[in-house]
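In what follows, a single structure is set out as structure tokens and then discussed.
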Amino acid sequence: MVEKIQHLEMHGITKRFPGVLSNNNVNIHLDAGEVLAILGENGAGKTTLMNILYGLYQPDAGNISLNGKKVKINSPSEAIQLGIGMVHQHFMLVPTLTVCENVILGLSKTFLVDLKTAKKQVQEITDKYGLAINLDAYVWQLSVGEQQRVEIVKALYRGANLLILDEPTAVLTPQESNELILLLKNMSNQGNSIILISHKLNEVMAISDRVTVLRDGEVCADVNTLETSQEALARLMVGRDMAPCRRDSEFFPGKPILELQDVFAKGDMGTDALAGVSLTIREGEILGIAGVSGNGQKELAEVIGGLRKVSKGKIVLNGKESTKMAPARIIEQGLGYIPEDRLHVGTIPSFSIWENLILKDHHQPPFAKRSLLQNRVIMSHSSSLVEKYGIKTPSLETPTGRLSGGNIQRVILAREITRNPVALVAAYPTRGVDIGATEYLHSKLLEARRNGIGVLLISEDLEELTSICDRIAVLYEGKIMKVMPVEETDERLLGLLMAGIVE
Amino acid sequence: MSSRSRGVFIQIVVLLAALVGALLIGAVFLILAKSDPLKAYGVMFTGPISDKFGITETLVRTVPLLLVGLGIVISFRSGIINIGAEGQILAGAIGAAAVAVSLPDMPAVLLLPLVFLAGGLSGAVWGGIAGWLKARLAVNEILSTVMLNQIALQLYLFLIRGPLIDPKEVSYGTGVPQTASIPQQIWLSRLIPGTRLHSGLIFALLLAVLVYFFLWRTSIGYRMRAVGAGPEAARYAGIKVEWYLILAMALAGGMAGLAGAVEVTGVHHRAIEGISAGYGFSGIVAALFGRLHPLGTIPAAVLFGALLLGADMMQRAVNIPAAMVMVIQGLVVLFVVSSDYFLKNPSFLTHLKAKIFGQKVDGEGGK
């Protein structure tokens with residue numbers, strides 16, 4: 001058994017990538033039983049720092065010491081040997097194996113796997129921390145929150161007593177997030193150390209004992225959680241005061257611009273993912289769709305965009321029935337669409353920024369004349385958008401896939417909004433995006449609303465929905481539970497509706 | 001040196017290293033076959049560049065490689081893998097020859113374009129079938145193109161042995177499976193008298209520039225690249241993905257068909273057995289070696305033309321089995337395709353850059 005980690009210190013860590021100083025003389029420290037939050041915007045260097053600790057990268061300068069002894073961590077397996085475990089944002093589980101099999105995967109030293117003993121050992125761990133999980137269930141049957149717990153058990157089974165969690169709540173529902181928070185508290189109370197990478201202020205405040213704030217690769221603050229506030233942390237993280245976006249109460253919606261009438265559509269599994277959805281979005285309003293993801297949100301956005309067949313019902317866009325229209329015709333009718341998968345649907349990662357900015361208009365003037373691309377026009381158009389939308393990029397020729405999530409979202413937003421849509425569907429536009437970019441996206445959606453665009457905003461973030469939407473509809477198992485003005489909602493009511501409970 | 005030209009330089013270094021690696025392993029096989037690898041490679045490398053014959057014969061092989069390679073660039077860039085160029089060359093060759101021999105009295109200004117059109121269209125139809133199967137019925141294009149090669153080969157043999165056989169072969173009783181000679185007015189002119197180098201080279205080079213222009217400067221080319229690089233995003237943007245898959249395969253087949261037409265009008269002056277000569281496969285390698293870029297495919301096609309010729313010469317000079325030549329070619333393919341891993345590994349590239357250009361590369365990339 002390895003020595004338990006009582007004290008971790010990373011000192012003077014510097015890591016340079018071509019053109020970027022990702023970590024600059026970063027110091028962090030952590031004691032047993034402590035929860036340290038590493039807070040920072042996307043690109044601030046949080047993940048790089050943790051990848052160094054986990055042995056995925058080697059620092060250019062600086063050192064790591066455990067319990068006062070300097071260590072060199074050359075690979076994740078060495079990190080695991082030292083008692084450091086990491087739960088990645090994207091899980092690394094085999095769906096067709098059971099929970100128990102996943103946990104012991106790769107550890108069996110003998111030819112035949114002694115599942116019985118292994119199961120007993122895994123059970124001991126789950127009992128110790130009160131992790132409710134069925135060890136015989138197949139991973140594909142589990143919800144995202146349960147899969148995350150399997151990852152945690154995996155790290156613990158390998159002897160980790162320092163656990164790194166990379167944006168753990170990004171994929172969870174509010175309820176699952178709360179359960180995770182309780183679990184982490186329990187684990188730290190039993191003497192484990194936890195490092196939490198996050199840019200969500202509320203969860204940092206809820207779980208951590210101490211917060212180290214990174215900005216542009218440098219530590220700009222190291223404070224006790226009890227002695228700080230969300231506002232102070234936001235300021236530290238962004239480097240300026242934040243003004244949360246709110247809709248103005250003036251609300252003069254116009255005529256209906258996008259209507260869904262009793263729409264049915266099949267999901268990828270062949271079952272009805274949408275089972276009779278009726279919605280009306282009017283000019284100059286933002287209609288929010290609340291709900292736990294997987295209840296038809298993806299399909300809802302896709303049927304409106306023409307990417308998925310409507311099996312029954314009718315969609316009317318800008319006065320014309322668009323139910324059976326091809327995506328190109330729907331775009332012509334004036335639909336803007338920010339898709340959920342911004343990297344592979346919203347953009348082409350290997351295409352340059354300018355190529356992605358003309359994705360929907362490459363065939364028409366002024367960008368193409370007689371099928372010839374007008375590079376001069378395209379370039380000046382693109383550089384003005386890059387400036388106007390604050391897209392941070394080395395050049396217009398940079399492949400879009402190399403940008404951060406927030407910047408990719410800005411590319412999509414710039415393209416969709418400058419096309420002057422009459423209606424805009426935005427699916428999870430701020431998921432995984434830092435607060436600076438979130439604020440910007442919200443301000444742009446509100447601007448679109450002021451310009452008379454009808455916006456459909458799909459989100460899991462109740463705070464986001466209640467702060468910028470005019471009306472909120474709750475989607476549950478492919479049906480609209482209720483549509484109500486934002487003034488009549490509260491978190492408890494929305495939470496109940498999201499769980500399918502009608503009072 | 002600018003950052004960009006350095007990048008190109010690095011790519012060339014890696015690709016040449018792959019070539020050397022393939023030849024080293026090939027040397028082992030040559031020794032096993034009891035021949036002297038130094039002598040063999042000596043002939044292989046100096047033969048094609050030592051005299052007028054070598055250089056012109058290299059370029060004769062370059063032409064079909066380049067044409068096929070251009071088609072491969074179009075199809076791979078559009079996200080569809082075309083292994084069917086062999087069959088498409090045959091379709092093009094037989095289409096071109098059939099039109100040429102049936103209109104012997106037409107003036108060249110009309111007949112030559114018509115023959116090329118026939119060759120291109122025949123190849124396009126043959127390629128388009130695989131595209132259509134993929135787009136409409138989701139048939140894997142690798143399987144369908146390979147199978148279509150077999151069908152094309154048998155059809156081609158049937159035609160040159162039966163309906164299209166040279167009447168002279170029948171009357172003399174020799175029965176060599178080939179079509180009649182095409183009218184002399186459409187034989188492509190020889191660029192250098194006394195050699196086989198013909199004006200098809202200029203045609204192929206012009207097409208390379210045209211394909212580059214098409215893919216990167218037109219909206220249709222943009223769409224095809226979009227379909228290849230991000231099919232979901234292309235569909236989201238209103239591009240009819242299936243249609244462009246078919247178009248890509250038709251264009252790729254058309255290019256291979258033109259290669260067949262050029263072989264007929266420029267080299268053999270008739271459709272003969274074995275006219276595709278493996279160009280349909282070597283052209284894929286040339287395109288990959290040229291980084292799937294139309295202009296990069298030009299030097300790659302010259303290089304592989306020289307390799308093919310050099311291998312022929314080596315076989316005669318050191319008397320090794322013909323199969324050895326194919327082994328060495330196969331090794332080159334494996335190494336080149338594997339080198340892609342290194343070309344896509346940024347840390348390896350940075351390391352190599354630092355080795356070659358010294359330490360000053362640091363901090364340059366992002367600016």
Side-chain angles (χ1 to χ4, degrees), chain A residues 16-21 57-58 60 301-302 305-308 325-332 335 337-339 341-352 355-356 358-365 367-375 378 393-395 397-402 412 415, chain B residues 2-4 6-7 10 76-79 210 212-244 247 291-293 343-354 357 359-367:
Chain A
R16 201 185 290 273
F17 291 107
V20 196
L21 187 56
Y57 296 149
Q58 294 307 311
D60 297 331
E302 285 176 356
L307 300 178
R308 188 176 288 271
M325 278 185 192
R329 291 267 291 124
I330 292 175
I331 293 166
E332 266 169 48
L335 182 78
Y337 177 13
I338 300 172
D341 184 346
R342 66 179 76 107
L343 190 53
H344 292 105
V345 179
T347 60
I348 298 175
S350 63
F351 268 30
S352 66
E355 283 175 310
N356 271 307
I358 59 162
L359 192 60
K360 287 184 173 175
D361 296 297
H362 61 274
H363 57 292
Q364 55 192 27
F367 305 127
K369 285 181 185 156
R370 292 206 193 92
S371 290
L372 295 182
L373 295 180
Q374 304 296 310
N375 282 36
I378 295 170
T393 169
S395 86
E397 298 286 347
T398 305
T400 308
R402 286 211 204 131
I412 298 173
R415 182 184 68 217
Chain B
S2 75
S3 171
R4 196 190 163 113
R6 268 186 197 169
I10 291 283
F76 279 37
R77 286 271 177 189
S78 309
L210 205 66
Y212 169 73
F213 188 81
F214 172 73
L215 282 178
W216 273 275
R217 289 284 177 271
T218 70
S219 53
I220 302 170
Y222 175 97
R223 289 177 167 214
M224 294 178 70
R225 287 187 300 115
V227 166
E232 285 185 77
R235 185 169 284 122
Y236 152 83
I239 297 172
K240 291 191 184 90
V241 174
E242 288 77 14
W243 202 90
Y244 286 93
L247 181 63
R291 311 309 302 151
L292 291 179
H293 192 289
L343 287 172
K344 287 196 175 130
N345 182 339
S347 66
F348 172 80
L349 289 180
T350 331
H351 187 70
L352 192 63
K353 262 190 203 175
F357 299 108
Q359 290 303 317
K360 58 188 170 177
V361 277
D362 207 27
E364 166 211 65
K367 293 283 141 43

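A, B, ... follow the sequence lines: proteins, then strands. Residue 1 opens every chain.
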Using non-hydrogen atoms and a 4.5 Å limit, figure out which bit of [X] sits close to chain B: side chain, backbone, both or neither.
X: A/Leu307; answer: side chain
X: A/Leu343; answer: neither
X: A/Asp341; answer: neither
X: A/Ser350; answer: side chain
X: A/Arg415; answer: side chain
X: A/Tyr337; answer: both
X: A/Glu355; answer: both
X: A/Leu359; answer: both

inquiry  = As an exercise, state the distance from NE2 of A/His363 to OG1 of B/Thr218, rounded to the nearest 0.5 Å.
reply    = 13.5 Å
task = To the nearest 0.5 angstrom, please state how far the OH atom of B/Tyr222 sits from the OG atom of A/Ser371.
result = 14.0 Å
ask   = Out of A/Asn356, A/Ile358, A/Thr398, which one racks up the most heavy-atom pairs below 4.5 Å with chain B?
value = A/Ile358
Any residue meeting side-chain hydrogen bond (donor to acceptor under 3.5 Å, both in side chains) with A/His362, in chain and number order, not counting sequence neighbours = B/Arg223
Grab the two heavy atoms, one from [X] and one from [Y], that are nearest each other, plus how far apart they are.
X: A/Leu372; Y: B/Phe213; value: CD2-CE2, 3.7 Å
X: B/Trp216; Y: A/Leu373; value: O-CD1, 3.9 Å
X: A/Phe351; Y: B/Ala229; value: CE1-CB, 3.7 Å

query = Do you know which of B/Gly230, B/Gly238, B/Ser219 has the most heavy-atom pairs under 4.5 Å to chain A?
reply = B/Ser219
task = Indicate yes or no for a side-chain donor-acceptor contact from B/Tyr236 to the backbone of A/Gly305 under 3.5 Å, with no hydrogens or angles considered.
result = no
query = Is there side-chain contact between B/Arg235 and A/Val345, with at least one heavy-atom pair below 4.5 Å?
reply = no
